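What follows is a short report on a single structure.
Keep in mind that what you see is a predicted model, and the values were worked out from it rather than measured.
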Amino acid sequence: MKRLFCFIFLFLYFLTISAQQRLLDSLQAIVNDKSIQDRDKIMPMSKIAGLAMGDTIRSMKLGKKSVALARLQQDPSYAVYAYSNLGLFYVLRGDVKRTYEIIDSCLWYINISKDVYANATAYNRIGVMKLQMDDKEGIADIFTSIHIFKNTPYKGQGISANNNKWEGLTSGYYLLCSHYAQDIENVDKYSKLTLEAAFKSKNLNLISSGYSIRGIRFLTEYQLVKRNNLLDSAQYYLEKALLVSEKRPGYIRDISYLNILSNLVGVYEGKYEAEKNNDYLKKMIECVGKAKIIAKRNHDVEFRINYYKLLISVEMSKEDYRSAIQLTEEITDEVSKQDKLNRYKYELYYLLSSLYQKTGNLNIAIENLKKAFTYYQKYFDEKYVKVGQQQQVKYKLAEKEREIEIRKKQNVWYIAFACVLFILLILVFFVFRFRVKYLKNKKEEANLLAKLKEEEAKFLEVEKENAELQIRIKEEEAHRLQKEVLSRTNQIVYKNEMLKNLTYTIKNDPNFNTFLLERMIKEEERLDKNFDDFVNVLNEIHPEFYNRLQEKTKQKLTSLDLKYCVYIFMKMPTKEMADLLHVELKTVRMNKYRLKQKLGLKKEDSLEEFIQNII
């Protein structure tokens, strides 16, 4: 059972990363490319920090740099991503205080981020961090992540444009499988969902992981009930996972590959115990050979420990306990020189005690068992210290949040007080301004009254002048009418004289040309009708002329007024108007002035321009 989930958290961290050295090289190329903006280097830096966990200094440097760049961006989702990755680094180092500080910062950025997919990924990683520190609250974060991924339509925008909804769900369901490891019903449900989501992601690494966790589900049940048919199902899924992993060598994480090999060894070990079939023993040795290659290219001691565990399992299956003891002592001596790793020391000494017991060396078995319990106590103390640190950090963070809330409330009161003071200042300002304005208005009102009286006096004077002018106009009008009557009388006299002359000529001159007579009469008629004809033509061309004149005037225009308007429209000189109307020039000017008044024009306005522009 310990072997089943020995890689679970390391594996989960890299679940959505589908390559190792090749991916590392491609990401490093992006980070080194000067033409790429800093913003676009944040995610690659974070991924390199995770992939290069063996190089602690490099990982820490890149992780912190990605956070620093993310905090400079306007989009908070970059900070969400960078902090959630950096937190996984601290949790794997066992730094409880720093891990919870990172979680706190990450949650703060989640609250202001609008990228729901980045937030969902961050909740998933927060859940991983908490569960790794035995904080059961992490499972709620996992469910939050799954809920967001399932219920938010994917738009593929912003920082999460390269994220896949199904990758997030695969990771979430995988975590639930590990959490419910002893609950077969839940493990069965979530392992199915893991595999379904992995297939929809179209990511080979995730598909391999889906097959793997499905195989672990049956292997877990086998460890509980020891039914051999369960090993068949476990073998089917784990071999599928191995096949998918080996399709693209170099693109599957070593930790994922080693996890599959370790669990397959467990399956073959169980089958060999049941059937003693050497084919299963050969398969175990084949898996161990592959694990050896992985251990050689990884300098992490945990890879080497797990490789030795597989070697020891093979020797125990062959019942070669001396070889198993020799291998166990070899790796135990190596691990004993390492700081920490108390859990592995406990497991190895406990295994060594069991092996010596099988060979009958009870004293040595007891000594190793004592050492095992010593390291178990240290491991337990470490866990207890971690739990204490965890509670202390959570308490401090809670205190910090309470202080922030208190400050917020104080700030609210300060802001409210400032607002009230500001309002009072505004009121004082407006009262003062109103007072000044009131006094100013009173002064302006007095000045205005004086001006009004002055204007009224001027108006009365103008009215008086207008009355006098009206009297003069009436006098001029009467004078003009008299002249017009005289002109008409002269015209009649002229015509009568002309008729007498014609009559005399006709009587005394038998050779008189009648054609000439008709021409003279027509000429006279043409002169009389000239004006009326022009008026008719004007009505045909500009029918609105008279209508607009009547609209503009304050009084009704007479036929004489209309004649003047027509002559002016024709641009006829004043002298020609006087000759045509048989009046003096003075009369024409007087009539023009009178016409301006009727049309409501000012003294400085031009009558000619007004009439010519009326159309």
Side-chain angles (χ1 to χ4, degrees), residues 3-8 10-29 44 47-48 50-53 162-174 177 190-219 231-268 271 279-280 282-298 300 303 306-307 310:
R3 184 189 296 130
L4 297 182
F5 294 99
C6 63
F7 306 110
I8 194 73
L10 284 172
F11 173 75
L12 283 167
Y13 175 47
F14 304 108
L15 187 61
T16 58
I17 299 175
S18 60
Q20 188 165 327
Q21 188 57 45
R22 295 182 187 180
L23 179 59
L24 189 63
D25 293 340
S26 63
L27 292 172
Q28 190 63 54
K47 287 185 177 181
I48 292 172
L51 288 165
M53 277 294 194
N162 296 322
N163 291 350
N164 189 308
K165 172 178 183 173
W166 302 108
E167 290 179 0
L169 286 172
T170 303
S171 175
Y173 290 136
Y174 198 107
C177 288
Y190 291 121
S191 64
K192 284 180 181 177
L193 290 171
T194 302
L195 189 57
E196 287 174 10
F199 273 116
K200 289 179 180 178
S201 74
K202 300 180 182 180
N203 184 321
L204 285 179
N205 187 60
L206 296 181
I207 293 170
S208 172
S209 304
Y211 279 129
S212 176
I213 197 65
R214 188 72 179 143
I216 291 171
R217 168 258 180 275
F218 290 106
L219 191 55
L231 287 175
D232 294 334
S233 298
Q235 180 182 350
Y236 170 79
Y237 285 109
L238 287 167
E239 285 181 348
K240 280 269 192 183
L242 186 66
L243 182 64
V244 173
S245 298
E246 291 177 345
K247 274 186 178 180
R248 297 184 71 187
Y251 281 90
I252 302 297
R253 285 288 303 173
D254 283 346
I255 193 71
S256 307
Y257 194 25
L258 186 58
N259 185 45
I260 296 167
L261 293 172
S262 176
N263 287 300
L264 267 175
V265 168
V267 171
Y268 298 142
K271 289 208 164 193
D279 289 339
Y280 294 122
K282 289 177 182 178
K283 288 183 178 181
M284 288 174 67
I285 294 169
E286 184 182 344
C287 288
V288 171
K290 293 176 180 178
K292 183 179 180 180
I293 296 170
I294 296 172
K296 277 187 177 181
R297 68 175 176 234
N298 287 277
D300 194 322
F303 279 90
N306 287 294
Y307 161 63
L310 297 181

For Tyr237, side-chain hydrogen bond (donor to acceptor under 3.5 Å, both in side chains) partners two or more places apart
none
Taking only residues two or more places apart in sequence, or in another chain, which ones meet Glu286 in a side-chain hydrogen bond (donor to acceptor under 3.5 Å, both in side chains)?
none
Side chain to side chain contact (heavy atoms under 4.5 Å, CB included) with Ala291: which residues, sequence neighbours excluded?
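Only Leu258, Leu261, Tyr307, Leu310 meet the side chain to side chain contact (heavy atoms under 4.5 Å, CB included) criterion with Ala291.
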For Ala241, enumerate each residue passing the side chain to side chain contact (heavy atoms under 4.5 Å, CB included) test, keeping only those at least two apart in sequence or located in another chain.
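Partners of Ala241 under the side chain to side chain contact (heavy atoms under 4.5 Å, CB included) test: Ser208, Tyr211, Ser212, Ile260.
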Nearest heavy-atom pair of Gly215 and Ala234: which atoms, and what distance?
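In terms of heavy atoms, the two residues are closest at O-CB, 3.4 Å.
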Minimum heavy-atom distance Thr194-Cys177, with the two atoms named:
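Taking Thr194 first and Cys177 second, the nearest heavy atoms are OG1-SG, 4.0 Å.
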Checking [X] now: which residues fulfil salt bridge (charged side-chain N to carboxylate O under 4.0 Å, His left out) with it, not counting sequence neighbours?
X	answer
Arg214	Asp188
Asp232	Lys271
Glu196	none

Output the distance between atom [atom1] ([X]) and atom [atom2] ([Y]), rounded to the nearest 0.5 Å.
X	Y	atom1	atom2	value
Thr170	Asn203	OG1	CG	8.0 Å
Lys165	Lys200	NZ	NZ	8.5 Å
Tyr173	Ser191	OH	OG	12.0 Å
Leu204	Ser245	CG	OG	9.0 Å
Leu206	Leu195	CG	CG	11.0 Å
Leu238	Leu243	CG	CG	12.5 Å

Answer yes or no: is there a side-chain heavy-atom contact under 4.5 Å between [X] and [Y]?
X	Y	value
Lys290	Tyr257	yes
Tyr268	Asp279	no
Asn259	Ile216	yes

Intermediate values then yes/no, side-chain contact (heavy atoms from CB on, under 4.5 Å), Leu264 and Lys283
CA-CA 9 Å; Leu264 267 175; Lys283 288 183 178 181; over 6 Å; no
